[in-house]
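Encoded as structure tokens, the structure appears first; notes follow it.
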Amino acid sequence: MAASEGQWVLMATGRSPTNIAVIKYWGKRDEALILPVNDSISVTLDPDHLSATTTVAVSPSFPSDRMWLNGKEISLSGGRFQSCLREIRKRACEFEDEKKGIKIKKEDWENLHVHIASYNNFPTAAGLASSAAGFACLVFTLGKLMNVKEDYGELSSIARQGSGSACRSLYGGFVKWCMGKKDDGSDSLAVQLADETHWNDLVIIIAVVSSKQKETSSTSGMRDSVETSPLLQYRAQTVVPSRVLKMEEAIKNRDFDSFAKLTCADSNQFHAVCLDTSPPIFYMNDTSHRIISLVEKWNHSQGTPQVAYTFDAGPNAVLISPNRKTAALLLQKLLYYFPPQDKDLSSYLVGDKSILGDAGLHSIQDVDALPAPPEVKIPDQKFKGDVSYFICSRLGSGPKVIADENQALIDSVTGLPKGV
Ligand code: DP6
């Protein structure tokens, strides 16, 4: 059966993790190609806790390209989606499934329309890099469907054209986005520094901070910073190049002390650039500042960093501990200040819930009985309701194919999202 005939639907499903930058990307030198002004480094989070799952399907019966995100149809007309689709289609290779009688020649892919269904296993509204996981997953899964032979580095440079930070979600563990030098962006891609097993003691706790404020998107925020912030130029040219080298060294040697100092300093400088932008951008709020202060006081009282913090373009805190013991202590301090609003502790901490047991927190009574952290001078203030919930996670792997058709988001007969 030729590609243009018949009613067959060919599908692929993949899952991609999200990532959190420890050396931030902030500022583009080319808006259309999404080329950054500096290198960045991230950690990939466990896809069991934070990831996007995407099913892509092609069929000669589809009259147009369509996409559904978390069950709702969205437009694919944006330049970023179009770039990813175009770049993958260009690299598509011949495909044959004799059993199903499907043969697609290289040139046929141009004329076959796609249906894409994607969903995030964490609330998009939580303000956690959902576009990074989403575009990485789209590019990875389209690549599988269209039999693309290019390596992950090349795929990362396509995902970059969907959302800059997405290029780093093509790998697990520790990932560097090399800014590249070329005008066409072909050398602006992600490389893996170390996989997730290299330093697997790290525990990541995310405080999803309640916020009513409408945030400035990363895209428009960084555009304003490039245009108006003198600090951004200094950061990109002078600070980040040496910081990236030090961070690579810290990761290689599993040197938590340096890793934490660099991570906190870089987050703070990124937010300083935001303040240096005209008009200034405020991503962090009072709760974010309280969490920084809590960690800084603890780190100072011990003489060495116990925990690292980093904040993206929003108020959520990402806290990285060197091991479970420290993570459990951190959780005690966090829950002392930010107790849950209702009595249900198990929905207040999602992801790896076993950390609650490590912290001796089995019920709300245990939270109420927590002692004030000794390093704080005025211990009696608490901020119930200021954190929506916590996620406990760890480092995770890169994108994976999901072979089980039951887990596909598109119905293999109708070619539409299941349940539509
Ligand atoms: C603060 O990748 O979301 O999270 O490339 O315009 O889509 P676009 O921006 P995006 O920016 C992420 C910014 C950041 C830092 C980082 O992830 O490195």
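All figures in this text were calculated on a predicted structure; none of them were measured in a lab. Heavy-atom basis, side chains included; hydrogens, waters and symmetry copies ignored. Whatever order the structure lists ligands and atoms in, that order sets their numbers, starting from 1. We count residues from 1, following the sequence as given.
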Any N or O on Ala313 sitting closer than 3.5 Å to an N or O of ligand 1? no

Rounded to the nearest 0.5 Å, the OG1 atom of Thr277 sits from the CG atom of Leu232 at a distance of 7.5 Å

Name the option, out of Met222, Arg160, Glu31, Arg223, that contains the heavy atom nearest to atom 9 (O) of ligand 1. Met222

Check the side chains of Ser301 and Lys297 for a donor-acceptor pair under 3.5 angstrom, ignoring hydrogens and angles. no

Show which atoms of ligand 1 fall inside a sub-4.0 Å distance from at least one heavy-atom site of Lys28. 5 (O), 6 (O), 8 (P)

Within 4.0 Å of some non-hydrogen atom of Ala21, the atoms of ligand 1 are 16 (C), 17 (O), 18 (O)

Polar side chain donor-acceptor pair, Ser393 to Asp46, under 3.5 angstrom: no

Return the option from Ser42, Ser163, Ser40 holding the heavy atom at the smallest distance from atom 3 (O) of ligand 1. Ser163

Would Asn38 and Ser40 count as having a side-chain donor-acceptor pair, cut-off 3.5 Å? no

Sub-3.5 Å N/O-N/O distance, Arg80 and ligand 1: yes

Would you say Phe270 touches ligand 1, if touching means a heavy atom closer than 4.0 Å? yes

Pull out every atom of ligand 1 sitting under 4.0 Å from any heavy atom of Gly164, numbered as shown with elements. 2 (O), 5 (O), 7 (O), 8 (P)

Rounded to the nearest 0.5 Å, what separates atom CD in Glu154 from atom NZ in Lys149? 13.5 Å

Has ligand 1 got any nitrogen or oxygen that is less than 3.5 angstrom from a nitrogen or oxygen of Lys24? no

Arg91/Glu87 ion pair, N-O < 4.0 Å: yes

Applying side chain to side chain donor-acceptor pair (under 3.5 Å), run through Ser288 and Asn285 and close with a yes or a no. CA-CA 5 Å; Ser288 320; Asn285 64 15; 3.1 Å; yes

Proximity of Ile34 to ligand 1 by residue part, where a heavy atom lies under 4.0 Å: side chain

